[in-house]
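Inspection log for the structure reproduced underneath, given as structure tokens.
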2 protein chains.
Amino acid sequence: MLARELDARKQQILWAVIREYVARAEPVASEALCQRYGLGVSAATIRNGMHALTEMGYLCQPHTSAGRVPTDRAYRLYVDWLMAGHPSAGVEQRLSAAERERIRRRMQSKDHPEDALAEAVQTLASLTDYPSVASTPGGPRRLQHLHLVPLSDQRALLVVVAEGAVDQRVVRLQRPATEDELRQVSQLLTRALAGLPVSDITDGVAERIAAALPDQRELVTAVVAQLRRYGGLRTGVRFFVEGVSNILKQPEFQDVRRAHPVLAALDREEVLRDVLLPAPPDVHVRIGRENPVDEMRSCSVVAAAYRVRGRTVGVVGVVGPTRMPYARTIALVRYLAQALSQTLSYGV
Amino acid sequence: MLARELDARKQQILWAVIREYVARAEPVASEALCQRYGLGVSAATIRNGMHALTEMGYLCQPHTSAGRVPTDRAYRLYVDWLMAGHPSAGVEQRLSAAERERIRRRMQSKDHPEDALAEAVQTLASLTDYPSVASTPGGPRRLQHLHLVPLSDQRALLVVVAEGAVDQRVVRLQRPATEDELRQVSQLLTRALAGLPVSDITDGVAERIAAALPDQRELVTAVVAQLRRYGGLRTGVRFFVEGVSNILKQPEFQDVRRAHPVLAALDREEVLRDVLLPAPPDVHVRIGRENPVDEMRSCSVVAAAYRVRGRTVGVVGVVGPTRMPYARTIALVRYLAQALSQTLSYGV
DNA sequence: GCCTAGCACTCGAGCGCCTAGAGTGCTAAC
DNA sequence: GTTAGCACTCTAGGCGCTCGAGTGCTAGGC
């Protein structure tokens, strides 16, 4: 099957230009394609094809006497083609068994969800050589357990266990509470709230629970207030980032004026949010101008959701130049999301 | 009082060159000093002084017909001068009341130690415009509380409360345990271990405790094993980093080949460890070649310890070019470490 | 004896010019 | 429809030049 609009030769040429440009980061000449790819025709013929592809918006020329560079549109066509399951013109998009094994080994036996996320972004960054990002588990998680641990007379620690995540908050006590009292409240709250999506907890709920234990009204209210802050879908999500400086290895970012906006954007949480979320069902690729954030228009983002026991809770992905070996990057991100899902589902 | 070796005039000139170079990032000419600083002598005289300072190793020249640039040695002299409590040649090193107030407000009411650290590095990065780093609380903390929370039949969550830090680990259960059993073990362990420095916990301790509750030997052993992993002084410390891309705003890092090693180093935990730790008693300044890590030799690090209830547990600081307004940076880092100490001592 | 004005000297930044080479687009022939 | 040939275009980079900044030195002044 052919990509829409393109005849077999044009597609061959376009895929070849993409491969060559991804490999060398320099405008691709007709002669070079002729030599290195067995297209069976002369450079002149390839030139004709490249000319047509330029008119169609798939290629562009930095200047008259330069070779061709693929446009965002070309990458989009290519990625759609890959995602539709087509073999990728000689590029192996599956990972080797050895690679899978290595990834799996790195990811397993992380007892702490945050360790697992840290390991995931480290692995991804080292395998792709791109900045890698993961969001902490978020979304409508169901609460499993609450625990209050005494810290001092004025403070207790609230441990929240929800699907795929554990977190803690300090709760201020209006008056000293014994360990027994804390346990009592913990049990009451756990019984009342377990199974509820964290985001569903409202002040009304607090009232109802407090009614069952009027003595501890303030404490219950304080705990629920903390839960609401914690559960607010947005506020809870943080990001693990690794290998930001990798972007400076890319030839397109040798100029600081190009690199700086991207690096600055990667420093900002709200940018990561906009670029990565919402979690896509499968691997998601955003190419150049498709990105919602201006500073990222010179980059591509490849991201995949990870799951805890089947429920999508976060995203992991990479940010690289639009000139990117998409087949391999997609395969890596997809596999890493799987491995991470497995580790997290096991672990907590 | 004068800095050793330098007469009054030379010192005046050197301080002026430093101020001027810090402000403009370009080699400083004798004429410029003459115009902008009331030194009361002509450019020719200043040239004589600059010549001498060059011979003494405090200034250098990019080339014959250029102005002078301060060396690391000059900054060291200047910083020692500042740290000895001398007024800093017209530069205000104290923070204004308004600034103090703003910082204090940003830092207060962070219920979660990690939130406080995150806020600290964000504040520091935005005030200095340099990459900012903080280590998580570490060192010989005394254990305060242990708590086991049930997760599933095969797993329990171990919540560790120690001075200035709370953390959690998953413990695998050999056989299902009831909530009561977990509580019993928690209490036993807390009673046995509270007050002990986390790093002092050994397998021998586990044996002794387990003897008191033979039924739960495996669980006790598993918990202690996790504590040892956690308590290993080195492994526990992580770093919060913010504003890494700020380094690209500096003129000395406009060349990617200069900027990349620094950014890559800031991505690596062991580098941060070497550069920031051990925590200094007061503010500590490492200038250029004084840094233990090669990639950081073009940078200066200003760092200060923060404390939890009087005990030094971590470091917070910035990384910038050697050309840095030291008086202000030192004041900011010092104040931020104080504010952070206060927040953490209050909070947990 | 220290300071200063004057001046010759050095060096880099920036500009214009030039050439070599890469790669195209077109045309005419197969 | 394909190809060889060729004229055309545009960039990268080397060279030489000038300009200006800033110094170091020296001779004269307070």
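In this text, all values refer to a predicted model and were calculated from it rather than measured experimentally. Per chain, numbering begins at 1; letters A, B, ... match sequence-line order.
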Pairing residues for A:T123 by the side-chain hydrogen bond (donor to acceptor under 3.5 Å, both in side chains) criterion, not counting sequence neighbours: A:R106
Summary of protein contacts for nucleotides 20-30 of chain C, nucleotide by nucleotide, where a base hit scores B, a sugar-phosphate-only hit scores S (4.0 Å, heavy atoms): --BSBB-----
Set of ring pair (Phe, Tyr, Trp, His ring centres under 6.0 Å) partners for B:Y130, sequence neighbours left out: none
Side-chain donor/acceptor of B:N291 to backbone N/O of B:R297, under 3.5 Å: no
Salt bridge (charged side-chain N to carboxylate O under 4.0 Å, His left out) partners of A:R100, counting only residues at least two apart: none
By salt bridge (charged side-chain N to carboxylate O under 4.0 Å, His left out) - contacts of B:E20 (at least two apart): B:R24, B:R36
Spacing of A:K10 atom NZ relative to D:dT2 atom P, expressed in whole Å: 10 Å
Rounded interatomic separation in angstrom, taking CD1 from A:I13 and P from D:dG1: 14 Å
Length of the CD1-C1' vector between B:I46 and C:dC3, whole Å: 12 Å
Touch class at under 4.0 angstrom, heavy-atom based, for A:S42 against every strand present: sugar-phosphate
Results of side-chain hydrogen bond (donor to acceptor under 3.5 Å, both in side chains) for A:R323 - residues two or more places apart only: A:Q250, A:E252
B:R9 side chain near C:dC3 phosphate (N/O to OP1/OP2, under 4.0 Å): yes
Nearest-angstrom distance from the residue atom CD of B:E26 to P of C:dG12: 16 Å
Spacing between A:L33 atom CG and D:dT3 atom P, to the nearest angstrom: 14 Å
